[in-house]
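Working notes, structure below.
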Number of protein chains: 2
Amino acid sequence: MTTETRADDLLRLDRQLCFSLHAASRAFTGVYRTVLKDLGLTYPQYLVMLTLWEHGELPVKEIGDRLRLDSGTLSPLLKRLETAGLVHRRRSEEDERSVVVTLTPEGEALRARAAGIPLHMARAAGLTLDEFQTLRTLLTTVTTNLDHAAL
Amino acid sequence: MTTETRADDLLRLDRQLCFSLHAASRAFTGVYRTVLKDLGLTYPQYLVMLTLWEHGELPVKEIGDRLRLDSGTLSPLLKRLETAGLVHRRRSEEDERSVVVTLTPEGEALRARAAGIPLHMARAAGLTLDEFQTLRTLLTTVTTNLDHAAL
DNA sequence: CACAATTCAGTTGTGCACAATCTAGTTGTC
DNA sequence: GACAACTAGATTGTGCACAACTGAATTGTG
């Protein structure tokens, strides 16, 4: 258990960790910002497009669950993507409460122009494959733990 | 070098990494949100208070450098802290361009009430001391690399 | 069938992140 | 001393995160 280690160490490390997590998150989105500028996308919009490219049409609820975003964030974001001509929204026939988001031909076409981004970002992050996997695993662990603690 | 590893692996991992970093960052601030609610602070406000508790009075520029926040973020944030009675702002006598932020007695007093937070968060994250250190090191590395790539 | 509980989107309001721009004050160079 | 270059902070505008709420549609239970 973590609680057995010395409190001082945890204090200092928590402090450094919250700084570095915050900083890393913003450093990442900062690089994404410049890379995505050509495509006219923001980073969260790119995340939405990624899920649509992978899964095809999805209800808003599904997108929110996958990206951990609620309707207050997704509704205006999806409207901007629709205004940009990348997606289309329509009420589901089976369940009128649900809105299904589909890609327009323009949205589908953007996929090719975005193809180089993941490799570019991976290189920019400059980690080895092992480091990548370790980092992702640790982040997933803290997220799970924090979600569980947030009761 | 990272570029020698297989592109496919990097694509998939970058994808997973950007999701998990985003998710972890929000999971962290989510827990901080509930913990800080009693103190009437948001997470970025807490970061500012932490630096003031540690270093005493600081010019806005110093705070921004330490937390990687610019004036567009700090100006309104510091005004809210001033409205809440936690800090005081005054123009520097040596350099009239600079604004020095100091703690009020209330701001100083809040320190005691916030003392338990780091340990609480460290426990909520639920990592071992080694994992903490590994995570922090990796995050610092990617941040440095990304900042360097953002030219 | 009726009706309470639930689910899904959307809206509103607050706060942070950041780009672009502005003003005032400072410094360097001639 | 004059003027260009620079620096610190503030302001404006766009977009995201999230809480709280509304309203419509659906589902479960008696």
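Reminder, nothing fancy here: chain letters follow the sequence lines and each chain counts from 1.
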DNA chain D contacts among residues 33-42 of chain B, heavy-atom distance under 4.0 Å: B:R33
B:R89 bridged to B:E82 by N-O distance under 4.0 Å: yes
Partner residues of B:T73 under the side chain to side chain contact (heavy atoms under 4.5 Å, CB included) criterion, sequence neighbours left out: B:L69, B:D70
Interatomic distance where CG belongs to A:L77 and P belongs to C:dA9 [whole Å]: 14 Å
Touch class at under 4.0 angstrom, heavy-atom based, for A:L74 against every strand present: nothing
Side-chain N,O (A:S71) to OP1/OP2 (C:dA9) below 4.0 Å: no
Closest to the B:T73 side chain, choosing from C:dC18, D:dG9, D:dC18: C:dC18
Under-4.0 Å salt bridge between B:D147 and B:R68: yes
DNA chain C: 5'-proximal contact among A:R91 and B:E96 (nearest heavy atom): A:R91
A:D65 CG to C:dT7 P, straight-line distance once rounded to whole Å: 12 Å
Whole angstrom value for the distance that separates C1' of D:dA8 from CZ of B:R90: 16 Å
Parallel, tilted or perpendicular, as decided by the 30° and 60° cut-offs, for the rings of B:Y32 and B:Y46: tilted
Phosphate OP1/OP2 of D:dT11 contacted by B:K79 side-chain N/O (<4.0 Å): yes
Within the 6.0 Å centroid threshold, strictly below: B:Y43 and A:H22: yes
Along DNA chain C (nearest heavy atom to each residue), the more 5'-positioned of A:A27 and A:S98: A:S98
Between P of D:dG9 and CD of B:E82, the distance in whole Å: 14 Å
Euclidean distance, atom CD of residue A:Q45 to atom P of D:dA17 [Å, nearest integer]: 10 Å
Rounded distance (Å) that lies between atom C1' of C:dG10 and atom NZ of A:K61: 15 Å
Whole-Å distance separating the CG atom of A:L78 from the C1' atom of C:dG10: 12 Å
Residues B:R111 and B:E106 bridged, charged N to O under 4.0 Å: no
Among C:dT6, D:dA10, C:dA17, the one nearest A:R97 by side-chain distance: C:dT6
Nearest-nucleotide 5' precedence on DNA chain D, A:D70 against A:D95: A:D70
